[in-house]
Asker: 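Below is a structure I'd like to ask you about.
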Amino acid sequence: MSAAILTDVTKCIGCLECVAGCKNANDLELDTPRSWQKNDGLSARNWTSILRRADHHYVRKQCRHCLEPACATACPVGALHQTDKGAVVYDSNKCLGCRYCMMACPYGIPRYDWDEPVPYVRKCILCYEKIKQGEQPGCTAACPTGATIFGDRDELVAEAHRRIRENPGKYVDHVWGEHEFGGTSVLYVSDIDLGFLSYAGYSENRPLPETTALAMKAVPFAFVGMGGLMYGLNWIIKRRMELSEHQDEGKD
Amino acid sequence: MNRVQNTKTVLWTITGLAAAVGVTRFVFGLGVTTNLTDATPWGLWIGFDVMAGVALAGGGFVMTAIFYVFRRDRFHPLVKPAVLTAFLGYLAVIFGLLFDLGLPWNIWHMIIYWNPHSPLFEVGWCVMLYTAVLLLEFSPVPLEETSRYARVRSFLLKFRFPLVLLGIMLSTLHQSSLGSLALLWPFKLHSLWYSAIIPVQFFISAVALGLMMVSLESLVSHWLYRRKPENDLVAGLARGAVWVLAVYLVVKLGDIIASGEFGLILAGTWESYLFIFELLISTIIPLVLFSIPGIRRSAGGQWTGSAMVVAGMVLNRINVGGLMQVSVAGDVYLPSWMEIVISMGVVSTAALAFLFAVEKLHIWEERPSHPESDPVQAPQFDFSSRVWLGGPLVAARTRYSVAFILAFAVGFAFMPEARIEGRGVEQVGALKARGGDTLYVDGNRDSYGAVFDHARHVDSLGQERSCASCHHMNAPLDKHTGCWECHRSMYTESAAFDHDWHTSPGGGNIKCDLCRTPGLERTKSSARECRDCHADLTVEGAKVAVDAYVAPSYVDAMHDLCVRCHVERARQDSTRQAMALCPACHVAPPAEYIRPEMRGNLPTRDTRPVVMPAPSLKHEESPR
């Protein structure tokens, strides 16, 4: 089973129960608001947040748990990695704190313990310990209106399409997360456009790891190629110098 | 004092300043020393110390390629300094990286935890290996000082060409892979800098930068030690740089035109101006200067051109490494003075190590006369005590030490108090409640709402320090804890319904079955509604109306429903005066909830004499 979350923006009343549920489930400490949280409310101690949009629309922001996560590709030591359940989780024992994962995430999800002398990267881990035991994550368990639900990804994609089909005109005809960046485990249906969830509204269906895959594949060829080229050039130059020396000798 | 001593004093001063910042950074963390945020997690330290640092140290592989592979023997005087610069440069990159990494003691983890898909993993490994290669390439120079290690030295020299080859191969990889890092950012990096062939661009520019860095270093060190200039060699490097820069310009502009983004250059945004500026000083102007043989051979032209390329390419790395993402990230990032000081300190330390090496080792064809033991120098005295500082060498060392210690102290003195106390990251003050003192809360926007009296909550919960009791887990602005967080239990002071009081004699000894249907589970849904009993308590003029569709605030509701009758009753019956007093309902409030004017006038729990008026409870068939 591939764990997933479906959030229905039309059902969310902005009560922040999911935020509280997340804090309880993951035992997160109290937060001190930072300037950048004005944008989306996420921080090292706030792994999910509710964005208020115009006309009483509330959009929950959390880690999207991409099927091909850019953060896990970026991490040089594999501290961020994908589990068999689809959750992208973090191993603080491996992390060296380079923060390339934070740079790589198109949704800007991973956050840092800036004030700690021993800082870690923090983000939603889809309550991996809970879903392993068959429970649901803290946020979906806390939601009083069923706006955000937990389940199998294929079923939730089907459910999302069913809702759009059965309520013509109510939703934008798009399931956010079905294809974006190769698909994400956290899906949205909405009556407003949710492009603002990613940086500058950027969206493409190509998984981000593919952007570096070509360059990474070229690495061995570049390595051997440059070595061969340099060796070959050196051989030719040496040979020509020898020949010209012989010619000089011949002249003498 | 001569140039060298002055320069070293400046370098030691910067190093001392940086040492103070470095201590702060490791004791209190990144938030205290940097202006980095969650939205801009990479800043000057990655852009300059690492991305530009690696490229600046590219002179090593370029010069070894020119000398050992292409056999341009006349450049021999420049090879050893270039290898030394590269070696120190890579050490400086690793040293600088230690400041930026959150968990620097885990830097070796790349050796045991592998993620070969990560470009950073590849860069890390290449930098590690290449630093080792540079150590082996360079170590014959210090080994030359003593004959004891002659065999080790000759053994190492046997492997010089394979080492050079390996160094070039590793450099090709990581110089370009530093560009591959940016490939993951199509959503973030400005289109003028983002390119599918950015690894190639990084490699070409690293070659150009390497050539120009070696030139600049030659010019600076010859100015510093008043040596015979190597202008003809620098001119040779400049001639090579013309070709490299031309290729770079074609690749860069060609890529932009091919992807149809040429319009962005002329867009007139600050990014477009910065791009034009970067391209002008890094490539176009030096290209033009160096194409003219007269300028190429003149010292002034060489200084100008090489300094421009170095500055321009460093700017390019800083732009790619972080600056060009600011506009997208939605948060402002400007490096703090501490970040700048650390970056300068890392460079200064490397420069001091370089000067030490060229004075002590056989780096140049002829060693510089030891600047600190210049016999012509006038004796030096301490400026305050007028004590002779000893010979010139001792005097110089005293001066460096004083500069370092003084700068270290000044660094701490100038550190803002908040930084020393470990409060680095800006904390956002709470804003006034939107909508004033009274808010209308209608979460599910079905127009059934509740009036929330924010001002009274602030008052009764303890003024400003109470904010956190509701806003503790949330972002700034107007997000809040749900009402039920406090008003949910039937058994707390803040409860809307005091269950225990209702069953007490004071509350009328209500029996369970009056509110509960026997046999049903006792939940909220199976209980009778309050208004079934309390219908007659909705008094004239109360803000509370049963079908008003607006629930009043808790305080308004209770006071309207109860207090009016209490006051009326107390007026009628002189034995029931206490009914009108606050503690009739508010049982022993916690001390922090008591406002100053309430103090001294507070009856205790014993004085709570409330008896509900009997008739109201009989209204079971109220006309509702």
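Proteins come first, then strands; the chains are lettered A, B, ... in the order of their sequence lines, and each starts at number 1. From a predicted model like this one, the values you see are computed outputs, not experimental measurements.
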Asker: Quick one: what part of A/Glu204 sits under 4.5 Å from any heavy atom of chain B, side chain, backbone, both or neither?
Answerer: side chain

Asker: Of the options B/Leu173, B/Ile94, B/Leu170, which is the one that meets B/Val127 in a side-chain contact (heavy atoms from CB on, under 4.5 Å)?
Answerer: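 Per the side-chain contact (heavy atoms from CB on, under 4.5 Å) rule, the option paired with B/Val127 is B/Ile94, out of B/Leu173, B/Ile94, B/Leu170.
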
Asker: Could you check whether the rings of A/Phe181 and B/Phe187 sit parallel, tilted or perpendicular, using 30° and 60° as the cut-offs?
Answerer: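 Perpendicular, since the angle between the ring planes exceeds 60°.
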
Asker: Tell me which of these, A/Met102, A/Met103, A/Lys94, has more heavy-atom pairs under 4.5 Å with chain B than the rest.
Answerer: A/Met103

Asker: Side chain, backbone, both or neither: which part of B/Ile197 has a heavy atom under 4.5 Å from chain A?
Answerer: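 Looking at B/Ile197, nothing touches chain A.
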
Asker: If we count only N and O atoms by modelled type, under 3.5 Å, do the side chains of B/Asp38 and A/Trp114 hold a donor and an acceptor together?
Answerer: yes

Asker: What part of B/Pro116 lies closer than 4.5 angstrom to a heavy atom of chain A: side chain, backbone, both or neither?
Answerer: backbone

Asker: Could you verify whether a donor N or O on one side chain and an acceptor N or O on the other, from A/His57 and A/Asp191, lie under 3.5 Å apart?
Answerer: yes

Asker: Is the distance between the ring centroids of B/Phe61 and B/Tyr130 less than 6.0 Å?
Answerer: no

Asker: Which bit of A/Ala218 comes within less than 4.5 Å of chain B, counting heavy atoms only: side chain, backbone, both or neither?
Answerer: neither

Asker: Would you mind telling me which of A/Glu116, A/Met226, A/Lys217 has the largest number of heavy-atom pairs within less than 4.5 Å of chain B?
Answerer: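 Of A/Glu116, A/Met226, A/Lys217, A/Met226 has the most heavy-atom pairs under 4.5 Å with chain B.
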
Asker: Between A/Thr48 and A/Arg60, do the side chains contain a donor N or O and an acceptor N or O under 3.5 Å apart?
Answerer: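 Yes, a side-chain donor-acceptor pair sits under 3.5 Å.
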
Asker: I'd like to know if the side chain of A/Asn26 and the backbone of A/Leu28 have a donor-acceptor N/O pair within less than 3.5 Å.
Answerer: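 Such a contact is absent between A/Asn26 side chain and A/Leu28 backbone.
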
Asker: Can you tell me which portion of B/Phe26 sits under 4.5 Å from chain A's heavy atoms? Options are side chain, backbone, both or neither.
Answerer: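 Backbone only.
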
Asker: Check each atom of A/Asn93 against the heavy atoms of chain B and say whether the ones under 4.5 Å are side chain, backbone, both or neither.
Answerer: backbone

Asker: At under 4.5 Å between heavy atoms, what parts of residues 230-239 of chain A are in contact with chain B? List them by residue number.
Answerer: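 Only A/Met230, A/Tyr231, A/Leu233, A/Asn234, A/Ile237, A/Lys238 of residues 230-239 of chain A have a heavy atom under 4.5 Å from chain B.
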
Asker: Determine whether the side chains of A/Asn46 and A/Lys23 contain a donor N or O and an acceptor N or O closer than 3.5 Å.
Answerer: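 Short answer, yes.
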
Asker: Could you tell me whether A/Arg99 sits above the aromatic face of A/Tyr112, with NZ or CZ closer than 6.0 angstrom to the six-membered ring centre and within 45 degrees of the axis?
Answerer: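 Here A/Arg99 passes the 6.0 Å and 45° test against A/Tyr112.
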
Asker: Chain B heavy atoms under 4.5 Å from A/Met216: which part of the residue, side chain, backbone, both or neither?
Answerer: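 Side chain of A/Met216 only, per the 4.5 Å heavy-atom cut-off to chain B.
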
